[in-house]
Amino acid sequence: MSDLRPRMHDRSRRAHAARHGRARKSHAAVAVAKVVAASLAVLLVSGTSLAAIAVAQLSGNIESVTLAGDDDDVTPTAAAPALGKFDGGFNILVVGSDVCDVVGGCADRQSELNDVTMLIRIAADQSSAVGVSFPRDLVVPIPSCPQEDGEGYYNAMSAQPINNTLAYGGLACTVLTVEALTGLDIPYAGLITFNGVIGMSNAVGGVPVCIDGPINDRYSGFRRDEAGEYTLQGQDALNFLRTRHGVGDGSDLGRISSQQVFLSSLVRTIKSDSTLNDPSKLFGIATAATSNMKLSTQLANLNTMVSMSLVLKDIPLERITFVQYPGTTGQGGVYSGKVAPIKAQADALFAKIVSDEPFTLAAGTGRGSILNPDAPSTASVDPAAPVDPAPPVDPAAPADPAEAPDAVDAAAPTAEVLSGVLGQTAADYTCSKSNN
């Protein structure tokens, strides 16, 4: 696909290495939760309070990773954050690692795979955000990636699952692969582990999640015996996010849409007054994220994170859209047992993303989720609250066209409906679809 779309920037490809050893080949890796893709955005939203609380401590938590194309003189700083907004749009790749966090090791996995890969695009006018989730089994070309010792490059591969990139060449290789696939330049990236997911869910005090029926997944350990809304945190939240067999059709594609149920609720929780006005909760979120993430060199700077947070916190929920990279199962050849990209739909999606053009979704939320029929209205009203009388209107006064309810901005672009693209906005209340 990269030959169909011009790159936004022409980045140099020097052999800078990711700062960790090469992982061993995987024999049985478990899926990590898609919520890790929101963890960086959560940290950025909470960043507006960092100037007032323990900046030095948070800076000391951050571990940095060098990406291909990073400048040699770019280094993290612990300076107090500037209060200005980030200039223009930006792209961040958030990667969820299934590396074992348990002291003594894990019997079910011996390597580090990126079972979660999500690209976050903030529009140049800062009015909208799009998060694109890439299925872990999506088969894609992997470009030549820099070796960890900086002495050369690994060979390119024509067709491999995208979740092999972290084991093959570290975070730098995952970034290069997504850049080649999408045509977007990605100077910012973050890597988070299982412990980070647990810490983030605890820091916000739990995330409300709706399910439409019983879920009993012995593989992930998540069980609920009836439909309803549950507030999940800690290991329970992680188990829910890892469940694949318990939701949708049991596929990785079903799990993505189920995880977006959690992700949208997490964003609503973070953007609520009860979180943004609670300094101790904000500090807990920031501490959980910085203690469990590796950030690319250009992102591992609190000034940068705070500037980005000032953009993210002002984007309305209905303008934050989560989509799945278009793919399908049941194909043969190199796609047997994996996910094949639907290139025409992906081209249409990224044409919109690259140009920051608005779009809407009509294909549904995905295999693992449904719209919540009992969703609250967008404007909650207390029926016992007194109602203010309408102010008197002078019939002779000229009408203000700016206040007319049907006034339309003729310059506003029309949002095109993207055929076949699945997802939802952060304003959409959805339920995970049980397959039990």
- prompt: Can you name the nearest heavy-atom pair linking Leu295 to Gly190, along with the distance?
  reply: CD2-CA, 3.9 Å

message: On a heavy-atom basis, which atom in Val267 and which in Ala426 lie closest, and how many Å separate them?
response: CG1-CB, 4.1 Å

query: Are the side chains of Ile211 and Cys431 in touch, meaning some heavy atoms are under 4.5 Å apart?
result: no

- prompt: Do side-chain atoms of Lys343 reach the backbone of Pro326 as a donor and acceptor pair under 3.5 angstrom?
  reply: no

message: I need the full list of salt bridge (charged side-chain N to carboxylate O under 4.0 Å, His left out) pairs touching residues 416-428, with sequence neighbours left out, sorted by first then second residue.
response: Lys352-Glu416

field: Pairwise side-chain contact, Val65 with Leu191, heavy-atom cut-off 4.5 Å (strictly under)
entry: no

task: State, yes or no, whether a side-chain contact exists between Thr297 and Leu67 at a heavy-atom distance under 4.5 Å.
output: no

task: Mind checking side chain to side chain donor-acceptor pair (under 3.5 Å) for Ser264 and listing every partner two or more places apart, or none if nothing turns up?
output: Gln424

query: Any donor and acceptor pair, going by atom type alone, linking the side chain of Ser220 with main-chain N or O of Asn239 inside 3.5 Å?
result: yes

- line: SG (Cys145) and CD (Gln147) are apart, to the nearest 0.5 Å, by 10.5 Å

- prompt: If you round to the nearest 0.5 Å, how far is CG of Leu263 from CD1 of Ile256?
  reply: 11.5 Å

- request: Please confirm whether the backbone N or O of Gly250 pairs with a side-chain atom of Arg244, one donor and one acceptor, at under 3.5 Å?
  value: yes

message: Under a 3.5 Å distance rule, please check whether Asn91 uses its side chain to pair with a backbone N or O of Ile122 as donor and acceptor.
response: no

task: Please report the shortest heavy-atom distance between Thr269 and Pro208, naming the atom on each side.
output: OG1-CD, 3.8 Å

field: Separation of Gln324 CD from Arg255 CZ (nearest 0.5 Å)
entry: 11.5 Å

- request: Check the pair Leu171, Val95 against side-chain contact (heavy atoms from CB on, under 4.5 Å), reporting the backbone distance first and the verdict last.
  value: CA-CA 8 Å; Leu171 183 60; Val95 175; 3.6 Å; yes

statement: Closest non-hydrogen contact found for Ala156 with Ser144 is CB-N, 3.6 Å

query: Any side-chain heavy atom of Tyr168 within less than 4.5 Å of one from Asn155?
result: yes

- prompt: Looking at side-chain heavy atoms only, is the closest gap between Ile120 and Val130 below 4.5 Å?
  reply: no

query: Between Asp249 and Asn435, does a side-chain contact (heavy atoms from CB on, under 4.5 Å) hold up when you go through it step by step?
result: CA-CA 6 Å; Asp249 59 357; Asn435 72 352; over 6 Å; no

message: I'd like to know whether Thr193 forms a side-chain hydrogen bond (donor to acceptor under 3.5 Å, both in side chains) with Asn195, so could you lay out the CA-CA distance, the side-chain angles of the two residues, the decisive distance to 0.1 Å, and finally the verdict.
response: CA-CA 5 Å; Thr193 64; Asn195 279 346; 5.2 Å; no

task: Would you check if the side chain of Asn114 reaches a backbone N or O of Val116 as a donor-acceptor pair within less than 3.5 Å?
output: no

query: How about Thr174 and Leu93: do any of their side-chain heavy atoms sit closer than 4.5 Å?
result: yes

message: Does the structure place the NZ or CZ of Arg242 under 6.0 Å from the centre of the six-membered ring of Tyr219, at an angle of no more than 45° from the ring's axis?
response: no

- prompt: Could you go step by step and tell me if Val178 and Ile186 meet the side-chain contact (heavy atoms from CB on, under 4.5 Å) rule?
  reply: CA-CA 8 Å; Val178 176; Ile186 305 172; 3.7 Å; yes

query: Which heavy-atom pair separates Thr231 from Gly205 by the least distance, and what is that distance?
result: CG2-O, 4.1 Å

query: Is a salt bridge present between Arg121 and Asp356, judged by a nitrogen-to-oxygen distance below 4.0 Å?
result: yes

- prompt: Would a 4.5 Å heavy-atom cut-off, applied to side chains only, mark Gln235 and Ile198 as touching?
  reply: yes

query: Between Ala348 and Leu418, what is the shortest heavy-atom contact and its length?
result: O-CD2, 4.1 Å

task: Determine, stepwise, if the pair Arg268 / Leu317 fulfils side-chain contact (heavy atoms from CB on, under 4.5 Å).
output: CA-CA 7 Å; Arg268 291 193 296 269; Leu317 291 172; 3.9 Å; yes

query: Does Lys313 offer a backbone N or O that forms a donor-acceptor pair with the side chain of Lys271 under 3.5 Å?
result: yes

query: Taking the side chain from Ser336 and the backbone from Gly333, do they hold a donor-acceptor pair closer than 3.5 Å?
result: no

message: If you apply the rule salt bridge (charged side-chain N to carboxylate O under 4.0 Å, His left out), what do you find for Asp212 with Lys433, and how did you get there?
response: CA-CA 6 Å; Asp212 75 341; Lys433 185 190 300 182; over 6 Å; no

query: What orientation do Phe222 and Phe240 show, parallel under 30°, tilted 30 to 60°, or perpendicular over 60°?
result: perpendicular

statement: dist Ile162:CD1 -> Leu181:CG (nearest 0.5 Å) comes out at 6.0 Å

query: salt bridge (charged side-chain N to carboxylate O under 4.0 Å, His left out): which pairs involve residues 218-228, sequence neighbours left out?
result: Arg223-Asp225, Arg224-Asp236

query: Ignoring hydrogens and geometry, is there a side-chain-to-backbone donor-acceptor pair from Asp252 to Arg136 under 3.5 Å?
result: yes

query: Between Ser434 and Pro214, is there a donor-acceptor pair closer than 3.5 Å when you use the side chain of the first and the backbone of the second?
result: yes

- prompt: Atom OG1 of Thr321 and atom CD1 of Ile315: how far apart are they, to the nearest 0.5 Å?
  reply: 10.0 Å

message: Whether the side chain of Thr425 engages the backbone of Ile320 through a donor-acceptor N/O pair (distance < 3.5 Å, no angle test) should be reported.
response: no

- request: May I ask you to decide if the ring planes of Phe90 and Tyr188 are parallel, tilted or perpendicular, using 30° and 60° as cut-offs?
  value: perpendicular

field: Test item: Ser97 and Leu166 side chains (from C-beta on) under 4.5 Å apart, heavy atoms
entry: yes

task: Enter the distance from Gln160:CD to Asp137:CG here, rounded to the nearest 0.5 Å.
output: 12.0 Å

